[in-house]
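Right, one structure below, let's go through it.
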2 protein chains.
Amino acid sequence: MIKKTSLSDIAQKLGVSKTLVSLVLNGKGKEHRISDVVCKKVMEVAREMNYQPNQLAKSLRTGKTNTIGLIIADIANPFFGKLGREIEKEAARKGYRVMFCSSDESAEKSKLQIEMMLQGHVDGFIISPPMNSEEQIRDLSRSNKPFVLIDRFFPEIDSNYIIVDNQEAAYNATTHLIARGYKKIACITVNADLVNMKDRLIGYKKALLDSGIKLDKNLVKELQFSHESKDVFKAIKQLTGKNKDCIDAILFTTSKVGIMGIESLNVLGLNIPNDIAIVSFDDPDAYKICYSPVTTMAQPLTEIGKMAVQVLLAEIKNPGSSIKTQKITLKTNFVIRKSCGS
Amino acid sequence: MIKKTSLSDIAQKLGVSKTLVSLVLNGKGKEHRISDVVCKKVMEVAREMNYQPNQLAKSLRTGKTNTIGLIIADIANPFFGKLGREIEKEAARKGYRVMFCSSDESAEKSKLQIEMMLQGHVDGFIISPPMNSEEQIRDLSRSNKPFVLIDRFFPEIDSNYIIVDNQEAAYNATTHLIARGYKKIACITVNADLVNMKDRLIGYKKALLDSGIKLDKNLVKELQFSHESKDVFKAIKQLTGKNKDCIDAILFTTSKVGIMGIESLNVLGLNIPNDIAIVSFDDPDAYKICYSPVTTMAQPLTEIGKMAVQVLLAEIKNPGSSIKTQKITLKTNFVIRKSCGS
DNA sequence: TATATTCGCTAAACCGTTTTAGCCTAAAAA
DNA sequence: TTTTTAGGCTAAAACGGTTTAGCGAATATA
């Protein structure tokens, strides 16, 4: 209804220039030796008129938006939801807001989203880049907007990134299974072309190799990029096949497949860990209340989020620092529960 | 590195006015009878120079941001995560982006968040208002920004809102338990002052009443606003108390308490549904893969999200329509699984 | 007394768009 | 021939701030 009050409104009311008002309200009164009396008056009137600066105008002039653009696969996926939350928290602490976009792991979508946010909306990006998005990331490097990749990265592109040691994690998970006597260990994975997933597969294979177990390629199932419950079900059906003894354990490389996997095992009437043991990545609530709580490689989401924001803001504040990119690899947290027997 | 190209750059290159360029690029060439030759040239050069309009400037001038502000309790909570995603989807379909804020159910935070976004960032709000935020919502009504409340609302404030029939849902859930022979039905709830939670409690009580079961106030546990696992654990410990027969079923009013509740029952070695049957609200993944998949009142998240966006955009596009507020109540979806026996 | 310095403040440009008002020329109508 | 109309385009204001450059009076210094 009522027009919002602007700088000029205050200036007019007091019979001073809007320059003065701007300076005072930005705390630069002293610095520009505006008299205390006037400063007080300005602040008083600003409060009276409930002045709220228009951030758009501010941003337009200063080139700063105090907003971070976040592109992840899907905010509804608890893994990204929690990560997003951590990023939001750390950003808020530093006076930044965040604009979320879910790319659905689609390169076209993420391209559009980057382009959109590049139209003045954000000061920088935190991105979990989908497959085949190398080009957009390279394009982004050429713009002057800082960015940090999370969860995955592109080895051939020199950029900031925060990831976990996926190879080691998968190695440990697999070794854990082997140590408990499991021998026919399957692996169900997805997005197999992304480095993080590649690394998980490498870790899995390496663990088998180091334990003298021959890799059976039929035991590795790479799901489609956009996987649904029925795809996981089909994979498990194939793996368990005719007789129950085809496999005795499964490594799920994400919690999304893991959850679908458990559902499928339930449908097939297979007990965890008696019929089949499982290990997974990530740590959704579901894993805690499963009848056989799931042993899993939890990612340090708080730390990933914090570091991503910190690295990004450091670069936003000092564009010169981009000379050296930050490549950070964190450890996963091995949570041992009951899904591999006891 | 390279300065972004602006309207003037294109204008200068072609020796025309930026007015003309703006008109052409906004598809108003014909309307303003700019010659076809010039139109073509402009569009060509714009593409060549990779022109991307500065949305800040655009927004400043037009007063439109094409952004929706979304305030929910916690984007990491799968319920809000999924809801947020639906809102993001519908908004994207209509050419809007969304700025997420997690309020942690804190009125102070949501106040700050509303104020922040009111500084020019958004065209309207979708809000899940925390307790004690009536005043901010009233203030918001006085600004000229449209908004829609979701999940809860304030009866004494005339506003748009999209909710579900919580009373009926809780009534049905409780009746379901009673029909299966359970008699000592506890209810663990939270944020009990919010209407949605109040209604769930009313539904629960009404169901008991209608079945001739006397309400035992000791069986209703209202948790603190910021509840953690240990609080739920304590509540359940009290409920099950000395002998196992104190209660035979529990109604959880949110999935967050529900999940914590199942964890607690596990710790206490109580079997679902043999020792204690449970019913809940919402439908997180966890409920599907619980050893005893949880019977629950799932909310129609897609519809809620869609309607919220549609109602909001209708009002954004036609501010006059706010004469009549939209109050929409949807049905929950009763998903029967195994947690109440079979 | 003349000059330099400090003090307190402001005009105007600028950020990159949209939009209003209107100019000039050529063709059509009177 | 004069007046309208139409065609094709532009200057300048506006959105709401920040920032640069600098002005005039009072005080301090030489």
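All chains are named by letter (A, B, ...) in the order of the sequence lines, taking the proteins before the strands, and each is independently numbered beginning at 1.
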- Task: Output every pair passing ring-ring contact (aromatic ring centres under 6.0 Å, His included) with a member in residues 92-132 of chain B, not counting sequence neighbours, ordered by first then second residue.
- Result: Phe100(A)-Phe100(B)

Please state how far atom [atom1] in [X] lies from atom [atom2] in [N], giving the value in whole angstrom units.
X         : N       : atom1 : atom2 : result
Lys64(B)  : dT17(C) : NZ    : P     : 18 Å
Leu56(A)  : dT18(D) : CG    : P     : 13 Å
Leu14(A)  : dG8(C)  : CG    : C1'   : 15 Å
Asp9(B)   : dC15(C) : CG    : C1'   : 13 Å
Lys58(A)  : dC15(D) : NZ    : P     : 19 Å
Leu60(B)  : dT19(C) : CG    : C1'   : 13 Å
Gln119(A) : dT17(C) : CD    : C1'   : 13 Å
Leu7(B)   : dC15(C) : CG    : P     : 13 Å

- Message: Salt bridge check, Glu135(B) against Arg138(B): does any charged N sit closer than 4.0 Å to a carboxylate O?
- Response: yes

- Are any of the side-chain nitrogens in Lys306(A) or Glu303(A) under 4.0 Å away from the carboxylate oxygens of its partner? no

- Task: Go through the N and O atoms of the side chain of Arg61(A) and the base of dT18(D), and report whether any donor-acceptor pair is under 3.5 Å.
- Result: yes

- Matching residue for Tyr161(A) among Thr325(A), Asp151(A), Leu149(A) - test: side-chain contact (heavy atoms from CB on, under 4.5 Å): Leu149(A)

- Could you check which residues of residues 16-36 of chain A get a heavy atom under 4.0 Å from DNA chain D? Sort them by number, please. Lys18(A), Thr19(A), Ser22(A), Asn26(A), Lys28(A)

Let me have the donor-acceptor pairs involving side chains of residues 29-46 of chain B, under 3.5 Å, with sequence neighbours excluded, atom names and distances please.
residue, atom, partner, partner atom, Å
Lys30(B), NZ, Asp36(B), OD1, 2.9
Ser35(B), OG, Val38(B), N, 3.4

- Atom NZ of Lys13(A): over 12 foreign heavy atoms under 6.0 Å: no

